[in-house]
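Encoded as structure tokens, the structure appears first; notes follow it.
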Amino acid sequence: MTNQLIKKINLNHSFIFFLLINLFSVVMFRLNYLDISSSICLFLILTIGVSHGALDNIKGKKLLKLFNFERIYIFYIFYIFIAVCVIIIWSLLPATTLLVFLIVASFHFGKEDTQFLINKKSYLIQILYFLKGSLIILAPLFFHFDDTVKIFKSLLVVNENFYLFLEFLEEKKIIEISIILSSLSSIFLFIDKFELKKFTIFFDYFSIIILNYYFTPLVAFTIYFCFLHSVRHSISLAIDLDENNLQNGLKLFILKALPLTLLTILVSIIVLLLLNEVNYIDDAILKLIFIGLASLTFPHILLEYFLEKNEKQTN
């Protein structure tokens, strides 16, 4: 019953999101240019975006209980340790870390945005999740290659071979081929054991394409990450908190997510002030957004993985 409710809500959410994106595209076409500053993107990511992972402390408690640990500070130590390690490794090996992050993010986006529609689990499904989620990375490279490269350069990536590799992908039409593979993966997930609620995949796919066609890579990613990916994940968390009353579940989610969200905002403001001492504000914001998200994404995904794996073993 809960999964059917999630499917229904996510279908409605994807449809509304799709309609709004089309409305935005009309506005963009009329105005020819719509400037959304990086500061607004940062604000949205730090509030709506980051909050969908702000219940990781609760999930951490569940995981610790499975290992018969009751002291929550152990979770915080490991979570912060992994996040700091990601930042340190990024500063030492930015090109390699960025590449790994893009691969991991592709799988994460594809899985989180789709798994509620898929009943079976296999290696093929995992590959399809990765291909589907890779559209988030490939679309900005296809529609705004130079702007995307500028973002990579602002993230401390100075390895010339990395950019030669990207140029090779563009010249040999490998980006286009990869987008076709991503599209085919969405089609396969859409038609496999088809049900009407799988139109969510259809709406998501075209929303991402439209977003990246009309908007800059940063704005397109922000809108997707905050209003599609994060809202969807937050709704599922709200249903977990109260599956009988979504409104109450959302209230509980906001109350429980608020402390870590505010803490993340505070830390981010401090980091931004420090970065702004040696960077232009836009470059500082880009570093904070993407390197910061990477540092939070890795422990978040590891937590989800170990919790899911150990819950299966105990059931």
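All values reported here derive from a predicted model rather than from experimental measurement. Count residues from 1 along the sequence.
Between F18 and F203, the ring planes are tilted. Angles from 30° to 60° get that label. In this pair, H233 and H229 present their aromatic rings parallel. The plane angle is below 30°, not in the 30 to 60° band. Ring geometry, Y224 versus F221: the interplanar angle falls from 30° to 60°, so the pair is classed tilted.
Within the 3.5 Å criterion, the main-chain N or O of L93 finds no donor-acceptor partner in the side chain of T96. In this structure, S154 contributes its side chain and L286 its backbone to no donor-acceptor pair below 3.5 Å. A donor-acceptor pair under 3.5 Å is absent between the side-chain atoms of S14 and the main chain of L11, judged by distance alone.
A salt bridge is defined here as a Lys NZ or Arg NE, NH1 or NH2 lying under 4.0 Å from an Asp or Glu carboxylate O, and K111 with E308 meets this definition. Of the charged side-chain nitrogens involved, at least one lies within less than 4.0 Å of a carboxylate oxygen, so that E304 and K59 count as a salt-bridged pair. A salt bridge does not link K132 to D113: none of the charged nitrogens lies less than 4.0 Å from a carboxylate oxygen.
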Steps toward salt bridge (Lys or Arg N to Asp or Glu O under 4.0 Å) verdict (D242, K251): CA-CA 10 Å; D242 191 341; K251 289 180 181 179; over 6 Å; no
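Between F101 and F290, the distance from one ring center to the other does not fall under 6.0 angstrom. Not less than 6.0 angstrom separates the ring centroid of H52 from the ring centroid of F253.
Of all non-hydrogen atoms in N276 and A284, the two that sit nearest each other are N-CB, 4.1 Å.
Residues passing the salt bridge (charged side-chain N to carboxylate O under 4.0 Å, His left out) test with K198: none are found, sequence neighbours excluded.
Applying the side-chain contact (heavy atoms from CB on, under 4.5 Å) test between I289 and each of I151, I45, L272, L46 identifies I45 as the sole match.
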